[in-house]
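To start, the structure under review is shown below, and the notes come after it.
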Amino acid sequence: MNYWLLKSEPDVYSIDDLIQEGEGVWDGVRNYQARNNLRAMLPGDLALFYHSNIGMEVVGMVEISTAAFADPTTEDDRWSAVGVKPVRKFKKPVPLKVLKSDPYFEDLTLVKHSRLSVMPVTKAHFDAILALSEA
DNA sequence: GCCAACGTTGGC
DNA sequence: GCCAACGTTGGC
């Protein structure tokens with residue numbers, strides 16, 4: 001079981017959009033490192049859902065429902081997509097500001113490499129963010 | 001709206 | 001294969 005963080009601009013695709021759909025396709029990734037992370041995902045893996053630009057906070061948790069397949073938004077077979085299902089939306093989202101101000105998260109990729117859109121998260125960090133969402 | 005960080009492209 | 005130019009992302 002692996003843990004991840006998925007980043008999306010909410011005015012393009014938000015956690016509410018995913019909840020409304022019931023199941024979504026995480027596509028449109030055009031970065032090799034992010035794509036490699038998508039390809040390492042397995043059904044049942046859990047991911048945090050982060051809203052970039054607007055909100056700038058971790059807003060919920062999702063589950064990977066389908067392992068990587070060809071990205072349907074392009075003919076180019078270099079790119080991959082995965083299926084995702086909502087698990088829950090946080091009552092109390094966890095702002096980037098909080099993660100940045102806590103030394104515990106200084107190695108979190110979201111903090112260190114803010115441009116990567118699909119990244120692995122350690123179980124410890126994952127659990128700590130869940131705990132903050134309930135604090 | 002700006003700009004730093006970073007990835008990609010293309011000329012050499 | 002290097003690197004300058006350029007485009008994009010995303011925080012501020």
Side-chain angles (χ1 to χ4, degrees):
Chain A
M1 158 88 74
N2 288 305
Y3 299 87
W4 310 94
L5 185 144
L6 297 170
K7 201 161 52 176
S8 180
E9 295 181 50
D11 54 352
V12 176
Y13 192 76
S14 71
I15 191 160
D16 291 325
D17 295 330
L18 176 60
I19 289 167
Q20 198 171 4
E21 285 181 1
E23 180 158 11
V25 174
W26 205 269
D27 57 24
V29 170
R30 297 291 183 268
N31 169 282
Y32 289 108
Q33 205 181 338
R35 181 210 63 184
N36 291 343
N37 290 329
L38 286 178
R39 289 185 179 178
M41 292 178 178
L42 293 171
D45 283 357
L46 295 173
L48 298 166
F49 195 125
Y50 176 77
H51 281 175
S52 63
N53 292 312
I54 300 166
M56 290 192 283
E57 54 194 8
V58 183
V59 291
M61 176 168 53
V62 303
E63 182 185 335
I64 307 307
S65 55
T66 314
F69 52 93
D71 187 331
T73 65
T74 176
E75 297 286 300
D76 191 333
D77 59 11
R78 286 179 299 166
W79 306 116
S80 299
V82 296
V84 289
K85 283 190 299 198
V87 174
R88 76 181 129 95
K89 183 177 173 179
F90 294 159
K91 286 202 180 72
K92 187 166 171 275
V94 182
L96 177 65
K97 192 173 53 178
V98 168
L99 301 176
K100 285 195 116 164
S101 63
D102 186 341
Y104 183 72
F105 293 107
E106 67 184 356
D107 290 328
L108 187 70
T109 309
L110 185 68
V111 171
K112 258 192 166 168
H113 300 289
S114 63
R115 291 188 52 194
L116 187 63
S117 62
V118 180
M119 67 190 79
V121 177
T122 64
K123 183 174 185 342
H125 278 157
F126 192 94
D127 288 344
I129 290 169
L130 285 189
L132 286 173
S133 78
E134 288 159 0

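Quick note on labels: first sequence line is chain A, next is B, and so on, each numbered from 1.
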Query raised in the report: Is any NZ, NE, NH1 or NH2 atom of the basic residue among A:R88 and A:E134 found under 4.0 Å from an Asp or Glu carboxylate oxygen of the other?
Result: yes
Query raised in the report: What is the per-nucleotide protein-contact pattern of nucleotides 3-12 of chain C, from the 5' end, where B denotes a base atom under 4.0 Å from a protein heavy atom, S denotes such proximity for sugar-phosphate atoms only, and - denotes neither?
Result: ----BBBBBS
Report task. Identify, with sequence neighbours excluded, every residue that meets ring pair (Phe, Tyr, Trp, His ring centres under 6.0 Å) alongside A:H125. Result -> A:Y104, A:F105
Query raised in the report: Are any side-chain N or O atoms of A:H51 and backbone N or O atoms of A:I15, one a donor and one an acceptor, separated by less than 3.5 Å?
Result: yes
Query raised in the report: Below 4.5 Å, heavy atoms only, C-beta onward: do A:W26 and A:S8 meet side chain to side chain?
Result: yes
Report task. Scan residues 95-109 of chain A for pairs that pass salt bridge (charged side-chain N to carboxylate O under 4.0 Å, His left out), counting only residues two or more places apart or in two chains. Result -> A:D107-A:K112
Report task. State which residues pass side-chain hydrogen bond (donor to acceptor under 3.5 Å, both in side chains) with A:S80; sequence neighbours excluded, sorted by chain then number. Result -> A:R39
**Report entry** Listed once per pair and sorted, the salt bridge (charged side-chain N to carboxylate O under 4.0 Å, His left out) pairs that draw on residues 58-85 of chain A, sequence neighbours left out
**Finding:** A:R30-A:D71, A:D76-A:R78
Query raised in the report: In residues 26-34 of chain A, which residues come under 4.0 Å of DNA chain B by heavy atom?
Result: A:N31, A:Y32
